[in-house]
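Reckoned from all heavy atoms, side chains included, excluding hydrogens, waters and symmetry mates. Fair warning: this is a prediction, and the values are worked out from it, not measured in the lab. Counting starts at 1 for both ligands and their atoms, following the listed order.
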Amino acid sequence: MELPFAESYKIKMVEMLHKSTRNERETWIKEAKYNLFNLKSDQVFIDLLTDSGTGAMSDKQWAALMTGDESYAGARSYFEMQEAIHRILGFDYFLPTHQGRAAENVLYSTILKEGDIVPGNSHFDTTKGHIEFRKAKAIDCTISEAGDTQLEIPFKGNMDLEKLETVFKKYPAQRIPVVVLTITNNTAGGQPVSMSNIRSVSSLCKKYGIRLQIDSARFAENAYFIKTREKGYADKSIKEIVREMFSYADIATMSSKKDAIVNMGGFVAFRNETLWQKCQMFCIMNEGFITYGGMSGRDMSALAQGLDEGTEFDYLETRINQVAYLATKLDEYGIPYQRPAGGHAVFVDAKKILTHVPKEEFQAQTLAVELYLEAGIRGVEIGAILADRDPITRENRYPVLELLRLAIPRRTYTNNHMDVIASALKNVYDRRENIRRGYVITKELPIMRHFTIELAPAE
Ligand code: F0G
């Protein structure tokens with residue numbers, strides 16, 4: 001008999017969860033102004049708001065915390081991080097930052113100016129925020145296939161090379177300080193980018209003399225998909241694939257709260273010494289001295305250990321299988337989602353489910369609230385609220401996709417939790433015809449509004 005699949009780790013410490021009644025949740029979500037970011041975590045049973053900083057560290061990472069060196073300058077923990085980044089990613093220079101957006105801040109403060117153009121494959125919201133805040137423009141060059149949730153292709157996160165070259169031809173190279181390639185492509189559904197696409201984007205950038213930045217929050221998951229889906233990589237180790245992926249980049253920013261499995265941390269890594277030196281000023285100003293940049297020594301030690309563990313095949317197989325398990329359950333119930341399932345999350349297609357809710361009333365947000373009311377599960381809207389207003393016209397931008405992201409924290413929940421999530425979603429799906437109204441905005445910030453937005457039921 002073939003043995004079934006099982007997790008590549010066992011549990012050493014547990015944290016209690018809080019169940020609640022529907023009546024309680026109705027009160028809480030109203031108090032939270034229908035913004036799930038405003039809920040207290042105790043009001044949530046299964047928290048799928050994000051896979052960022054919510055993973056469970058290993059015994060070795062906790063041990064690394066104890067050996068962290070808190071010296072202001074030249075801490076041993078810094079050199080542990082340097083060694084891991086050099087060995088696993090292949091970069092000689094880096095600056096630690098407190099998280100991914102801080103790495104973007106340090107880099108873009110140095111290289112971006114008003115009027116610049118930054119092409120990419122679905123820039124993450126903080127990336128786009130940092131670009132637009134500097135009055136530069138983010139141009140999305142994701143392949144159009146990513147907009148069709150039912151289409152199954154292996155690398156749906158890819159950059160469209162024709163779209164990218166059109167941008168290169170339209171603007172002079174001096175106005176394009178960098179191209180951002182996000183692996184995996186979070187906004188398009190945690191979809192991977194193929195090695196061949198990374199390679200082609202890199203050579204196109206070289207041809208036009210433009211730098212390539214890899215936004216590498218979920219780089220290890222991307223490597224897993226390359227190993228399991230791309231011809232020629234089945235026999236390579238994850239670490240070999242990772243080395244090759246980054247060999248095509250000039251710069252890497254990383255939110256280490258994802259694939260390095262720490263609760264806080266990030267960095268920006270460089271191939272070029274001069275750029276590293278230029279960025280040091282903004283690191284010192286905004287983050288801290290260049291050998292800790294916004295991180296405690298202990299956190300740098302845990303991050304270094306996490307980079308190693310996060311790039312092990314057995315761990316990644318467990319991780320990606322769990323996300324796929326949830327997706328298979330949704331298949332059983334006929335619930336549409338961005339296919340195939342992504343690396344870190346299942347992105348449920350709210351537009352296809354809540355067909356009676358007008359897009360002006362935020363379909364994905366409406367579905368997120370319904371799922372919370374159903375079972376205390378907190379997902380996150382990846383739709384018009386996140387897409388924000390056009391910086392010039394101030395009109396709402398309605399993206400092609402209205403998705404409810406169910407992000408799965410690493411090494412945190414069991415497949416029983418996945419069963420609960422799927423069943424709760426099925427209950428909402430079964431009553432979808434009765435959900436006819438969504439929400440209107442009552443209060444919002446001018447940029448990155450989704451975190452603090454306030455909503456009221458549409459009348
Ligand atoms: N890039 C990508 C692709 C991300 O997904 C994120 C964060 C960042 C950059 C910024 O990193 O949070 O450490 O400052 N994504 C989280 C999410 C917040 O829920 O997807 P950060």
Side-chain angles (χ1 to χ4, degrees), residues 35-37 41 47-55 95-108 118 120-133 138 140 142 146 157 159 178-193 198 213-222 245 249 251-269 286-287 293-295 299 303 306-307 310 323 338 342-347 364 368 378-383 385-387 403-410 412 447-452:
N35 175 354
L36 291 102
F37 283 98
S41 62
D47 204 347
L48 310 180
L49 185 69
T50 180
D51 62 320
S52 181
T54 52
L95 295 167
T97 59
H98 75 274
Q99 61 184 89
R101 68 200 69 185
E104 292 163 359
N105 188 30
V106 168
L107 176 65
Y108 294 160
V118 184
N121 57 334
S122 323
H123 310 71
F124 182 65
D125 52 334
T126 60
T127 320
K128 193 156 78 166
H130 272 296
I131 294 167
E132 292 180 349
F133 180 72
D140 185 14
T142 311
M159 185 93 82
V178 75
V179 167
V180 192
L181 187 64
T182 303
I183 60 170
T184 59
N185 185 329
N186 181 4
T187 313
Q191 297 294 325
V193 175
I198 301 176
Q213 170 200 349
I214 293 190
D215 174 351
S216 34
R218 299 176 184 86
F219 74 102
E221 290 168 6
N222 201 86
M245 286 183 337
I251 305 162
T253 46
M254 188 183 294
S255 166
S256 308
K257 301 166 72 172
K258 284 87 169 173
D259 279 354
I261 330 177
V262 287
N263 304 117
M264 191 52 76
F267 59 86
V268 47
N286 297 308
E287 294 294 300
M295 292 187 72
D299 286 338
L303 195 164
L307 276 178
V323 178
Q338 172 68 301
H344 67 298
V346 173
F347 290 64
R378 170 159 74 169
V380 76
E381 188 249 25
I382 308 275
I385 293 179
L386 179 76
L403 302 169
L404 166 61
R405 186 182 78 171
L406 305 176
I408 314 296
R410 293 165 183 77
T412 303
I447 211 159
M448 283 191 256
R449 64 181 180 182
H450 60 288
F451 290 113
T452 53

Donor-acceptor check, side chain of [X] to backbone of [Y], threshold 3.5 angstrom: yes or no?
X	Y	answer
N263	G53	yes
R378	L36	yes
Q338	A146	yes
D259	E221	yes

Decide if atom CZ of F133 counts as having more than 12 heavy atoms of other residues, nucleotides or ligands within a radius under 6.0 Å. no
Among side-chain atoms of T253 and E104, is any donor-acceptor pair under 3.5 angstrom? no
Would you kindly say whether H344 and N186 are connected by a side-chain donor-acceptor distance under 3.5 Å? yes
Is the shortest N/O to N/O distance between [X] and ligand 1 below 3.5 Å?
X	answer
T126	no
T182	no
K258	yes
G100	yes
N186	yes

For atom 3 (C) of ligand 1, tell me which residue out of T50, T187, D215 has the closest non-hydrogen atom. D215
Going by heavy-atom distance to atom 18 (C) of ligand 1, choose the closest among F219, F451, F124. F124
Looking only at protein heavy atoms, what sits closest to atom 21 (P) of ligand 1 is Q99 NE2, 3.3 Å
closest protein heavy atom to atom 13 (O) of ligand 1 is S255 OG, 2.6 Å
Looking at D51 and R410, does any basic side-chain N land under 4.0 Å from a carboxylate oxygen? yes
side-chain contact (heavy atoms from CB on, under 4.5 Å) test vs R449 passes for just one of N35, L386, I385, namely I385
Ligand 1 atoms in contact with K257 (distance to a heavy atom under 4.0 Å): 13 (O)
Which atoms from ligand 1 have a heavy atom of E104 less than 4.0 Å away? 9 (C)
For ligand 1, the portion of R405 having any non-hydrogen atom under 4.0 Å away: side chain
Below 4.0 Å, non-hydrogen atoms only: which portion of R101 touches ligand 1? Side chain, backbone, both or neither. both
